[in-house]
Protein chains: 2
Amino acid sequence: MNQRQSLADGEAAGKAPPRRLGKNGDGAERHETIYRSISDAIIEHRLKPGARLREDALAEVFGISRTGIRKILQRLAMEQLVTLTPRRGASVTRPTAEEAKDVFDARQMVECGLMPDVARRITPEDVRELRDMANREREALKAGEQSRAIKLSAAFHERLARLSGNATLATFVGQLCSRSSLILAVYGNPGHLGCESHDHDDLIGYLEAHNGERAAAFMSRHLKAIEASLSIVEEEEEVPDLQRIFTSG
Amino acid sequence: MNQRQSLADGEAAGKAPPRRLGKNGDGAERHETIYRSISDAIIEHRLKPGARLREDALAEVFGISRTGIRKILQRLAMEQLVTLTPRRGASVTRPTAEEAKDVFDARQMVECGLMPDVARRITPEDVRELRDMANREREALKAGEQSRAIKLSAAFHERLARLSGNATLATFVGQLCSRSSLILAVYGNPGHLGCESHDHDDLIGYLEAHNGERAAAFMSRHLKAIEASLSIVEEEEEVPDLQRIFTSG
DNA sequence: ATGGCAACCATTGTATACGCATCGTGGCTC
DNA sequence: GAGCCACGATGCGTATACAATGGTTGCCAT
């Protein structure tokens, strides 16, 4: 149960004990930090799907009361990162196979559809930043830090979408990427991560050349490759095994 | 300030006074009802963009405490229907011109992209239901009930998206439609509503014939027509009414 | 020994109370 | 007479306390 400690080590680790400044201090800033801590922990698979998130524990770890935690938990629930069951509390969402398909279909449609806009609007400055992100991702991958690589990959895709200029679709892509991280945690094969490291570099190349069509096609293949790498075996649900087994027998 | 009364007349109007059952009764069901009441009021333009939503007033109207209202308000904020300013409280979102463009671009991409799937999966039963919705919308429009027509139109588009089988994209379309209703409230010309009544019927025809390509093209024109009907003049800010009035006199 | 029932405990849901920030108003001063 | 400062009120943010529910465990009866 050392998940509680691992939760706080985003950057709020040293803040929890001196909760004297909890009165106002930052105020709304604080919630954002805590939200990001939990969100990152989920995306980086430090909190695995199915893990229960008790309000009291979180409140104690982050030094705020349950009220604030509930607010954050609801926000995470709306982004489908945690599941709120009526009287059972919050737990990290365990995506179903159907949800996984929906998420990747949605990414296919939106991310590919955004590539022409991105290719048209991208600047040399953007290219530099994207390359930097891709480099950091590759390094993390090489160093064996899967957690950080996953988070960086999601951040890369979201940043890419944001370059399209459409803020609404960009945040939507961000949510899809977060959920994809969850899907990787459940259906991904260990050792074979989602994004191949050189894929992102190739994509940047097409975008730098303002070739939206090829970028879209490449993104499509890229996403298909990720989806294909999953082993979506419809794992048995909660209970119905018994019924199916014994009704067929 | 009779907005408060108009808020409750969704179907919770008679419930507010006998708040004796507020203890448990429905429980979580209640929140959903209240959420829908407020959401409908916004979508139907009974609550206009910029209208302030005081927590105390809402709590009193619906017979629950501010805690529950805050939860609902946050949910509405995440769907971009209300704006939460740090110390000023909640108000109905007033979409900017840029947001309007983003929303319609997103709808263009997603709704058109979904049409092939819808055309492939649609059943005679679905067609019947869609025609029924279109009829009700046309009747509302003919009866001059703009409010109901707007809500029905949004519901039609969301239902359509849900027929694609992709729940994630369907709820996203639903949110886009809600926001579109807000956009119509700000930038729409009175008397010239968004969706032409026969448009939806034509669209159903293409879908019934399983002609996804034409359905997508028609949806594209349909959305373009709605967007074109808007008068997106970068409207002046909050206060200048007084200034403009008295400087012109 | 096993199955059912009951009581307890853990945990969430809700309400209320308190603190603080901001905005408006009124009075005072220049 | 006008501008500025101060005080009061309104309304949000947070915490804490209480109530209700569901799960678990232990005991009793068959």
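Throughout, protein chains are lettered first and strands after them, A, B, ... in sequence-line order, and every chain is numbered starting at 1.
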With the side chain defined as heavy atoms from C-beta on, R88(A) is closest, among dT16(C), dG23(D), dG13(C), to dG23(D)
Against the side chain of T67(A), the closest entry in dA15(D), dA15(C), dT22(C) is dA15(D)
OP1 or OP2 of [N] sitting under 4.0 Å from any side-chain N/O of [X]?
| X | N | answer |
| --- | --- | --- |
| R54(B) | dG11(D) | yes |
| H31(B) | dT14(C) | yes |
| K71(A) | dT14(D) | yes |
| R70(B) | dG13(D) | yes |

For V186(B) and P95(B), the nearest pair of non-hydrogen atoms, with its separation, is CG2-CD, 3.7 Å
Between [atom2] on [N] and [atom1] on [X], what's the gap in Å once rounded to a whole number?
| X | N | atom1 | atom2 | answer |
| --- | --- | --- | --- | --- |
| I64(A) | dG19(C) | CD1 | P | 20 Å |
| L73(B) | dG11(D) | CG | P | 14 Å |
| R66(B) | dA15(C) | CZ | C1' | 11 Å |
| D56(A) | dA10(C) | CG | P | 11 Å |
| F62(A) | dT14(D) | CZ | P | 16 Å |
| L58(B) | dG11(D) | CG | P | 12 Å |
| L84(B) | dG13(D) | CG | C1' | 11 Å |
| E60(A) | dT12(C) | CD | P | 13 Å |

Out of K71(B), R30(B), E79(B), which residue meets the side-chain hydrogen bond (donor to acceptor under 3.5 Å, both in side chains) rule with Y35(B)?
E79(B)
Which residue is it: H45(B), Q146(B), E44(B)? I am looking for the one with a side-chain hydrogen bond (donor to acceptor under 3.5 Å, both in side chains) to K151(B).
E44(B)
Quiz question: going by heavy-atom distance under 3.5 Å, is there a donor-acceptor pair between the base of dG13(D) and the side chain of R30(A)?
no
Would you call R75(A)-E32(A) a salt bridge at under 4.0 Å N-O?
yes
D105(A) bridged to K101(A) by N-O distance under 4.0 Å
yes
So what does G68(B) touch, heavy atoms closer than 4.0 Å: a base, only the sugar-phosphate, or nothing?
nothing
